[in-house]
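To keep things clear, I will list the structure first and then write my remarks on it.
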Amino acid sequence: MQGTVATYDERTRSGTLLLDDGAELAFPRAAFDASGLRLLRLGQRVRIERDDSGEVSRITLPTFP
């Protein structure tokens with residue numbers, strides 16, 4: 001699944017994503033920390049991985065494996 005970064009707080013390392021269907025999805029610090037990324041920019045496209053409960057577990061760039 002992919003989405004676009006809507007908000008990102010460098011202090012808390014969390015934010016929200018806009019999915020392609022227009023839904024807003026929050027991501028926690030743990031999902032950002034699992035990504036290996038250093039920062040996110042507003043409007044940046046990202047790939048989203050979710051755990052069994054549906055919570056965002058990892059955010060990566062679409063070009064990363």
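In what follows, every heavy atom counts, from backbone to side chain, and hydrogens, waters and symmetry copies are set aside.
No single ILVMFWY cluster, assembled from side-chain heavy atoms under 4.5 Å apart, contains both I59 and L18.
Scanning all heavy atoms of the two residues, the minimum distance from V56 to A31 falls at O-CB, 3.5 Å. Between A6 and L42, the shortest heavy-atom distance links the atoms O-CD2, 3.3 Å.
Looking at residues two or more places apart in sequence or on another chain, you find no side chain to side chain donor-acceptor pair (under 3.5 Å) involving R50. Checked against salt bridge (charged side-chain N to carboxylate O under 4.0 Å, His left out), R38 has no partners two or more places apart in sequence or in another chain.
Within the model, atoms OG1 of T60 and CZ of R47 stand 3.5 Å from one another, a figure rounded to the nearest 0.5 Å. Taking CD of E55 as the reference point, atom CG of L25 lies at 9.0 Å (rounded to 0.5 Å).
Residues I48 and L19 are in side-chain contact: their nearest non-hydrogen atoms beyond the backbone lie under 4.5 Å apart.
A donor-acceptor contact shorter than 3.5 Å links the side chain of S57 to the backbone of E49.
With hydrogens and angles left out, the side-chain atoms of T16 and T7 include a donor and acceptor closer than 3.5 Å.
Taking the six-membered ring for Trp and thresholds of 30 and 60 degrees, Y8 and F32 have ring planes inclined between 30 and 60 degrees apart.
Residue pairs meeting the salt bridge (Lys or Arg N to Asp or Glu O under 4.0 Å) criterion with at least one partner in residues 15-33, sequence neighbours excluded, are R13-D33, D20-R45, R29-D33.
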Would you check, one step at a time, whether the test side-chain contact (heavy atoms from CB on, under 4.5 Å) holds for E10 with L40? CA-CA 9 Å; E10 289 183 44; L40 291 173; over 6 Å; no
Would you check, one step at a time, whether the test side-chain contact (heavy atoms from CB on, under 4.5 Å) holds for V5 with L17? CA-CA 5 Å; V5 177; L17 307 168; 4.0 Å; yes
